[in-house]
Each structure stands twice: as structure tokens, then as C-alpha cells.
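Okay, so here's the structure we're looking at.
Computed from heavy atoms alone, side chains included, the values below leave out hydrogens, waters and symmetry copies. Residue numbers start from 1 in every chain, and the chains themselves are labelled A, B, ... in the order their sequence lines are given, proteins ahead of strands.
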Number of protein chains: 2
Amino acid sequence: MERGRGALGPALELVHTGRAPTRAVLTAELGVTRATAGAVAAELEALGLIQVDARPAAAAGSQGRPSHRLSVAPNGPVVLAAQIHADGFRASLVGLGGRTVATAPGCMTVPADPSHIIDAVVAAGAGLLRGTGRRCLGAGLAVPSAVAEPEGTALNPLHLSWPAGAPVRELFTESLAKAGVTGPGGAPLAGVAGNDVNLAALAEYRHGAGRGARHLLCVATGHRGVGGALVLDGRLHSGSSGLALEVGHLTVNPAGLPCHCGSRGCLDVEADPLAFVTAAGREPGPAVSLLQQSRDLIRSEYADPGVRAAVELLIDRLGLGLAGLVNILNPDRVLLGGLHRELLEADPERLRAVVADRSLWGRSGSVPILACTLDHGSLIGAAEAAWQPVLDDPLAVLGCGS
Amino acid sequence: MERGRGALGPALELVHTGRAPTRAVLTAELGVTRATAGAVAAELEALGLIQVDARPAAAAGSQGRPSHRLSVAPNGPVVLAAQIHADGFRASLVGLGGRTVATAPGCMTVPADPSHIIDAVVAAGAGLLRGTGRRCLGAGLAVPSAVAEPEGTALNPLHLSWPAGAPVRELFTESLAKAGVTGPGGAPLAGVAGNDVNLAALAEYRHGAGRGARHLLCVATGHRGVGGALVLDGRLHSGSSGLALEVGHLTVNPAGLPCHCGSRGCLDVEADPLAFVTAAGREPGPAVSLLQQSRDLIRSEYADPGVRAAVELLIDRLGLGLAGLVNILNPDRVLLGGLHRELLEADPERLRAVVADRSLWGRSGSVPILACTLDHGSLIGAAEAAWQPVLDDPLAVLGCGS
DNA sequence: GTATTTTGTTCAGCGTCGGCACAAAGTCAG
DNA sequence: CTGACTTTGTGCCGACGCTGAACAAAATAC
């Protein structure tokens, strides 16, 4: 409680994202003196958040005294991360560094009443907490819908049969209280809720293929429709009311299918798994298995000319949409998830060529397009959102006394 | 040089934008004690940047001791602001608060060699500086082209006959040195260059219709093509390489005109003055007078059914483009400039209805759409960009000794 | 004219960080 | 194996920048 209180948050974030493996690097990254960095590390260790290994692993080739290694505390506090998708839910405890400590998947048909499934996923998370006995510092929930801020309501839970405007954050917070999940000192825990693609983008930025990007654009499709997200200088850009990056209604096929938005040829209906299966000339299965059906087609039947043509068609449409987004947002990296990831991996050159051709500047055209790398990215992202208050100011969350 | 050095920049910005008319308000806005706010104000006054009037104007109805009024120093330092457009240039000296101190317009055909006109506009500005004898702290240049960062090159100076990739920032800085324009202590001055719509958006955010917005979207059209800009939390978002908000190639008319980008029906060719004049069934005049021709048509011949139909057609196309941008960016305010401003004022309800109808969420649909209010917004914006280093850290620019 | 309210100023105190000196722990050269 | 060198960790002091409290000033309210 003497030195380095102002830099506590940034320092924790550096260790959390693995960008400060040693005290020396921490010193350089924070731009402070060794004395301050040392005090900061000591404080974070005292708070039980990080670990300092005096015994260095292997100082390969470097002269001088070896650095102490900084790492996330292996038995430190966790956050409760929850995810709801069309065919079930998933709850995890996630520590710093994006490390999943325990997981409880659950499959079911999602009930029309959001509070039921939120209670179920929270109960699963509470069970994990009891089982492991870890301290819980926050809770995050990912839902397949835009979440309006500051209300915390799910505006378009399309593939869930929920009513539009369901107050998911409020339900989540109430559910946490009912399940007895509390924060430090038994205080009630305020849950955070967000769109699954947004949260996945945040997770990729911190721990996945988005590390080191300044402006990260993420586009993904799960079962139906297309979602987008943008991370600007490390912060999720969700717009003035949480509704940014609703990219599904960019026009990518002027002569295309009518969309429920009133226009034709929107990305939502032209570049999602249903569009792919249809373009490949196959009979679409049930909605929740469309992504798997598409994956199977690409991986097992790519030799089929119909499948191949469908891949190329969807790449062209997706590329048009991405080019539009690149022109507007000028990101320095683009990540693709869900079916879009499969399309990228099936023919990376074609997609990159379309984007380069249609985004005006050769420079932006050469923006790297990569695949998302995290499993359950939106779950990790929900955890990241829950960690955010701790990363912003550890002392405010943990209290000076504890 | 004792108290309040950290809060110096934020305090200056508050006075600069008129959000801190008194010491008491400054105290509240900065979230510091009266002692600190007083010291900060004293320091800024000592630096010659602001003025403290002990004699209050008229404390209407309020109890207690009247506040001292804070205002921008009337004879304080200025920055050199320059703007180049299709039919000439304009140079001004602009003080804090966006106050234009002196102006030198110049009309000519813009030469194909950018350095000639940049030298001319800088010479005009240098003349103003000699004439007024004011200290100059920075210089900014607005050009009708995307400016790539960090190179400072004009990538698509479409209506100028410049080569693509002209190094405008470098030319500007060299020209300043040649003209003998120097910063504090005779140090060489680093010029900043930016896209005119971007800079106009910044000016509107600070001093115009954008004041108080969190996420401000600005769309404007001058003679040809459509430009956009985004201000996020007070900072211009120009993307990872300065190329963001190139909004001209959103598709707004699937069956529309071919565009040089290879697509059809782009905003650039469907919602600019040429498109309007053509849609109204008139013979387009020379490129540099298209905006004026459009204005005249709307203001004088709105009764003509052809003109009216053209207004409605362009409103519908513009609305489609704006709706797409609102879905992606979720701003809390939209400003329109150039011909788009005229369209808004001709039929505000129609434009708002189109945007509300096509942007998915009723809430975003009700985003306020307003007209730009500043004359020569991009010139003021060039000045704002030039002021930025002073607003960020006044002491670093002015030096502790002076 | 006195009380109240609000604002500006002075001064002491303290927390936080930089700078420096020194100790510690390794590599490298002979 | 020893000594020089390099790099990292730590303790101490001072400076800087802010808070808090007391006090003074300038208006309104009664």
C-alpha cells in the first residue's frame, strides 16, 4: 500500500495477457522504474492475484541476472462465466490468464422463459464454485443476441425463443444472488451480460489470434445470421447503446434473397450456414445443426463441385461484406469464426483476394485475415468481461483490507 | 509549476470547448479539489492560454460568492489552419475556443503539383502571422482526400489533379520551415494533415452541433463523392492507418450506376451533387460548382416536381447508407454536411423515417440527425488537430521556462 | 446589519513515484 | 577457478502533485 497503486491495473492486465512474463519486461511495458514495478508486483502477489517465481526456468543465452518469472496465481480467485446458445448452455470458472478451471456443460432445449435457463446455468456455475472452493470475483454471461446498454436487455435473441427485450443482466444478477454466489466479503455480485460475438472478440484479443492488434474486427456466424465485433485499443466498442457491429444487413448480393429487414441480399441471409447448405444443393437440417452440417460438407465433400461452388459463392459474398467493413472501420486485423472460419480455411487466397479487390486501398486490402483460435471464445470472453473491474482497479474490487 | 500539472491538459480542453465557464464548474468537471482547480487555472493563466475575470458578468439568481469567469485568452497564441479544396485554398489563424483571428482566402485552379499550392497556402498563413504578430503553436492542413497514417500521404485526392500518395504532411512541414513559421522558441513546427471531413467532424464535436455527443458520426458531400468521419469519446477515429470511414462504397441502390470501385450503386455515385443534379433532370455544370448548383435547385426550385423527386430519391439513398452506418457504428448523434445537410433541411422527416426504418433497433433508429453548424468546419478542424498536442500536455509544448 | 451560501486562497501533510546506490545472480574471458 | 561485466531486485531519500481543513472574500436572504 505504499508504492505503485496507480499502475496496479495495467500491470495486472499485462500479466493476465501474458505480455509481462518477467519483472524486467513489466518495468519496460509500464514505463516506470524497477523500484515501482517491483512494488507493483509485490502488491499483486500480496493480493493473491499473481505469482513470482524467484527460480527462473531457463535463461537461454541472455547475460546478466535472470529475471524472476511473473505468472498468474494458480490457485487465485476466479470468475463465473456462462454462455447460452441455441442448443444449451455452458458454465465455467475461469481464472486470470483465460485459464478455465472447471466446466459444466449442459444441453437442453432452451425454454422460452429466459429466467429458467439463466437459473440453470448459474446453478451449474455455483455448483462448480462449491466444488472447488475458489473465491469468485465476478460473473459474465454471453448470449446470442445484441445486448442494449445501459439496460442490459437482449434485443434480438433470434435463435432462442425468448421475447425481445428480455432483461438478461438483471435476471443474471438476481439469479446469482438466489444461488448464493457472492463477491469478496459476501457482497452481492453484479453480473455483466454481452453479445457472444462481442465477447469472443474480446477473448481473442486478450488470449487468442487477436493478441497485439490495435483495431480488431471479428465476424462470425453460428447457426443463423452473422455477427460482428470490434475491439479498439483493447476496449470492446459496443457503440453508444451496445448495438454496434450489427453487420448482418450489409448488402452483399443486390439480386439476393429478401431479408426480414425489408431489404434484399443482406449478409445475414447470404452468408450464414443456411445459405451455404442451400447453395450446395443440400436439404437443410434442423437449425441447431446447420453449422455442423456445413462443416461436414466442407471437410468431407469438398471434392463435390456443388459444395466447392457453394464455398466460392459464400466466400465472394462474405468478402464483399468484409471489404465494406474494412472500408468503414480500417482494422489492422480481421478474425473469422464459425462457418466463416471454415470458409477462410477452405480457400484463404480467394477470400483475401476479394477483400483486397473491394476494399479501396491496397494497404487496407492487405489487412491480415485470420481464424479465431479459442475454443468456447464467447465463454472466455464472458470471463474477460467479468474480470474487467479487477483489471481496471484491483484494489477497488478486492478492498485494501483483504 | 507546483500544483495541478497532471490535470492541466483536461482543464485546458474544458475551457477550450466552453464546458468550464467558471472555476467552480472546472472543479466539478475535473473531479479535484478547489485548491487544485485554482492552481491549474493560475498555471494556465500564467502560460497565457486562458483569462480569469474576477469581475463576474451577471450572477443571475444564484446565491453565494460569484465565480470568476474562465475564458480563452483573447490575445493568446494561435495555430495556423489551412484548407485546400477543389477550387482554391483558405488559410486562417485560429485561437483557442475555435476563434478565427484572421483569414486569407485564395481562389485558383489547384495545380497538379501539391507542393505549389501547399507553399501558397502556407505563405498566406505566414503573412497573417507577420501581420498579427501572434505566437504560433502548431499548424494543421485539411485536404479532400484520405490521409494515410503514419506516413501522412494523400491517397485519393480525387477532385484535385494530384498524384495518389502525395506526401502532404511532409510537404506541409517543409513548407512551414521554408516560410519561416516556427513554434515556441524558434523550434521547427511539425504540421499535421488530415481528411477534410474528419477534421470538420472534430470541429463540430468541439465547437458545433456535435458538442456533448459520445459517438459522433459525420457524413458529408462536397462536389463529388461522399465522406464520413467518426469521433469516439472525443478522439477522432481514423482507423489503424487513417483510412476509416471511407463510406462511399456502401451499396445503396443495387440496380444503380457503376462505380469506379467495380461495384454498382455505391453511395459515392448515388448520393453526391452530380447524382442529384442528374436526377433532377438538369444539365450538370462544372464539377466545382455542382454543390452550389444543387443548393440553388433545392432552395429556389423546390416547387419543381423534378427537383422534389430528386430530393426524395437522394434522401432515400442517403438514408439507406446512414442506416447501414448506424447499424455498424451505433453513434448517438449523426451530423450531415454539404449537400446532405441541404437534403436533411429540405425534408427532415423523410430522412429520419428512412433511417429509423432501416436501422434495426427502434432505439438506434431514433438517433438524432442534425445539420453541421460551423462555417469552414474543416478549417476549424485543422486548427483543432494542430491544437491537440497543447490540449494533451500544455507544458510539453510551451516548455516549463516560457 | 447579520446569517447563510458559495467561492477563492493558503498551508500543512501525505501518498506515489523517480533517481540513486547497493546487493544479488547470472554469463563471459582468461 | 577467478575476476570483470551485465542485468535484475531492493532500500532510501527527495520531489512533485494532490487532498483536506481552516480561513478569507463576495454575493444573497432575512
Side-chain angles (χ1 to χ4, degrees), chain A residues 1-12 14-15 20-47 50-71 393-396 400-401, chain B residues 1-12 14-15 20-47 50-71 393-396 400-401:
Chain A
M1 28 176 151
E2 354 223 323
R3 229 179 306 208
R5 237 178 48 187
L8 219 54
L12 181 57
L14 286 168
V15 177
T22 70
R23 259 203 182 87
V25 176
L26 182 66
T27 303
E29 290 286 322
L30 287 177
V32 297
T33 58
R34 287 203 300 272
T36 304
V40 167
E43 177 101 26
L44 289 175
E45 193 178 22
L47 289 170
I50 74 168
Q51 198 183 22
V52 180
D53 291 330
R55 299 283 69 174
S62 78
Q63 260 190 97
R65 172 177 176 174
S67 288
H68 295 180
R69 292 205 69 77
L70 301 181
S71 55
D393 188 351
L395 286 179
C400 294
Chain B
M1 28 178 149
E2 356 223 322
R3 232 178 306 207
R5 235 177 50 187
L8 220 54
L12 181 58
L14 286 169
V15 177
T22 69
R23 258 202 183 87
V25 176
L26 182 66
T27 304
E29 291 287 320
L30 288 177
V32 297
T33 58
R34 287 203 300 273
T36 304
V40 167
E43 178 101 25
L44 289 175
E45 192 178 23
L47 289 170
I50 73 168
Q51 197 183 21
V52 180
D53 292 331
R55 298 283 70 174
S62 78
Q63 253 190 106
R65 175 177 173 173
S67 288
H68 295 181
R69 291 205 72 75
L70 300 181
S71 55
D393 188 351
L395 286 180
C400 294

- [ ] Determine: side-chain N/O of B:Thr36 to OP1/OP2 of D:dT19, distance under 4.0 Å, yes or no.
- [x] yes

TODO: Starting from P on C:dT7, measure out to CG on B:Leu70 and report it in whole angstrom.
DONE: 12 Å

- [ ] Figure out the NE2/P separation between A:His68 and C:dG26, and round it to whole Å.
- [x] 9 Å

Open item on the list: Output the rounded distance in Å from CZ (B:Arg69) to C1' (D:dA27).
Closed with: 16 Å

Task: Rounded interatomic separation in angstrom, taking CG from B:Leu8 and P from D:dC16 - done: 15 Å

TODO: Measure the CG-CG distance between A:Leu12 and A:Leu44 for me, rounded to the nearest 0.5 Å.
DONE: 5.5 Å

Open item on the list: Using the side-chain heavy atoms of B:Ala7, tell me which of these nucleotides is nearest: D:dG9, D:dC18, C:dC28.
Closed with: D:dC18

Task: Sequence-distant partners of A:Thr27, side chain to side chain contact (heavy atoms under 4.5 Å, CB included), two or more places apart - done: A:Arg34, A:Ala37

Distances under 3.5 Å between protein N/O atoms and the N/O atoms of nucleotides 20-25 of chain C, please, pair by pair.
from   : atom 1 : to      : atom 2 : distance (Å)
C:dA24 : N3     : A:Arg65 : NH1    : 3.2

Open item on the list: Using the side-chain heavy atoms of A:Ser67, tell me which of these nucleotides is nearest: D:dG9, C:dG8, C:dG18.
Closed with: D:dG9

TODO: Round to the nearest Å and state the distance from B:Asp53 atom CG to C:dT7 atom C1'.
DONE: 16 Å

Open item on the list: With heavy-atom distances below 4.5 Å as the criterion, would you say the side chains of A:Leu70 and A:Thr22 are in contact?
Closed with: no

- [ ] Nearest whole angstrom, please: distance from the P of D:dC5 to the CD of A:Gln63.
- [x] 12 Å

Task: Spacing of A:Ser67 atom OG and A:Arg23 atom CZ [to the nearest 0.5 Å] - done: 9.0 Å

Task: Distance, rounded to the nearest Å, where B:Leu395 contributes CG and D:dG17 contributes C1' - done: 13 Å

Task: By side chain to side chain donor-acceptor pair (under 3.5 Å) - contacts of A:Arg65 (at least two apart) - done: none

Open item on the list: To the nearest 0.5 Å, what is the distance between OG1 on A:Thr36 and CG on A:Leu30?
Closed with: 9.0 Å

